[in-house]
Amino acid sequence: MELPTVSGQELALWRDRAKQDAIAAGVSPDEVDWLLEEVADLDKLSLRLESFKERSQIPLKQPLSVLTELWQQRLQDRMPVQYLAGVAPWRHFSLKVATGVLIPRPETELLVDLAVRAIQASPTPDLASGYWVDLGTGSGAIALGLVEALPNATIYATDTSAEALAIARQNAIALGFGERIKFCQGSWWSPLEALKGRVSGMVSNPPYIPTSEIARLQPEVARHEPLLALDGGSDGLDCIRHLVETAPDYLCPGGIWLIEMMAGQAKQVVQLLQKRGCYDKIQIFCDLANIERFALAYRC
Ligand code: GLN
């Protein structure tokens, strides 16, 4: 199918207008360029230098009238630009996203590196080649990071949402990892009974926002991202408590337990892990904003 096209001049006018509207609505005008990179396949430099203006025809994935509607949704409904473009960059992947999955965040990228370092720091042999699980996979981001970083591991990814799993599966296939990640529908460990006692590592970015705080998040998050991926119950720790409680049945001795959490939760998460009595070498790691964001422990 032929893509619609637009002249460089026309696109430049559209872009100026969209940027002005963004500024008036309190949205970063840089998002206009990000959207154009995705839908007009323009690179950052040609946008910065405005060299695209000289082109007589620029192919667009969507006609300009549709782009105008999308941009209105961005400004009026506060729809995140990643949902409008249908993609989000994460590590060096471009992941398909839709409102049924949380937009993968930059801080979550570090979870994959922490998993690799945790393997390197461990005396347990063969952790890198065993079973690894991403519980609550959403778009599949963490599972994809793991499958790439651990070429000899077998990855399982679970989610209760069929819609999320369908997107995660599409991402895995598009990136050539369709065969190496097994996607299972169900809550946390429930589809993985067969792996009891055999899992080398569990990684998860569970919902961890206290219910009462969700309405106070940015409207982009509160109105459009899936509540299922955000709401961690009254203190935000419901899912983390569940993972602390259940993981020892599934992890092998020396197996790795690694999660993302919210600012301010580290102390309680350490206490939960200590109280469970099955974990050692409990550690907290910060994200790049120096916020205590990740908790790591090893199954005794
Ligand atoms: N980090 C996400 C946010 O900022 C929350 C993700 C989660 O609950 N796991 O909204």
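Numbering of ligands and ligand atoms starts at 1, following listing order.
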Requested in this report: Using the side-chain hydrogen bond (donor to acceptor under 3.5 Å, both in side chains) rule, take Glu220 and Tyr83 through it: C-alpha gap first, then chi angles, then the decisive distance, then the call.
Outcome: CA-CA 10 Å; Glu220 283 80 358; Tyr83 288 147; over 6 Å; no

Report task. Tell me, with the steps shown, if Lys61 and Asp41 meet salt bridge (charged side-chain N to carboxylate O under 4.0 Å, His left out). Result -> CA-CA 8 Å; Lys61 287 183 194 156; Asp41 204 22; 5.8 Å; no

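Contact record, Val87 with Trp34: O-CH2, 3.2 Å, taken as the closest heavy-atom pair.
Each of the following atoms of ligand 1 lies closer than 4.0 Å to a heavy atom of Pro206: 7 (C), 8 (O), 9 (N). Counting atoms of ligand 1 from 1 in the listed order, those under 4.0 Å from a heavy atom of Ala229 are 7 (C), 8 (O), 9 (N). Residue contact check: Leu230 has heavy atoms under 4.0 Å from atoms 5 (C), 8 (O), 10 (O) of ligand 1. Distances below 4.0 Å separate heavy atoms of Asn205 from the following atoms of ligand 1: 7 (C), 9 (N).
Within the 4.5 Å cutoff, side-chain heavy atoms of Trp90 are placed close to those of Val112.
The proximity of Leu102 to ligand 1, defined as any non-hydrogen pair under 4.0 Å, is limited to the side chain.
The aromatic rings of Phe177 and Phe93 sit perpendicular to each other, their planes meeting at more than 60°, with 30° as the lower class boundary.
Residue Gly232 places no heavy atom under 4.0 Å from ligand 1.
Each side chain to side chain donor-acceptor pair (under 3.5 Å) pair with one or both residues in residues 145-161, not counting sequence neighbours, appears once here: His92-Glu148.
Considering backbone and side-chain N/O of Ile209, none are found under 3.5 Å from N/O of ligand 1.
Side-chain contact check for Tyr279 and Gln274: no donor-acceptor pair (N or O, by modelled atom type) lies under 3.5 Å.
Nearest to atom 2 (C) of ligand 1 by heavy-atom distance, out of Arg105, Met262, Arg293, is Arg105.
Counting protein heavy atoms only, atom 1 (N) of ligand 1 is closest to Tyr208 OH, 2.9 Å.
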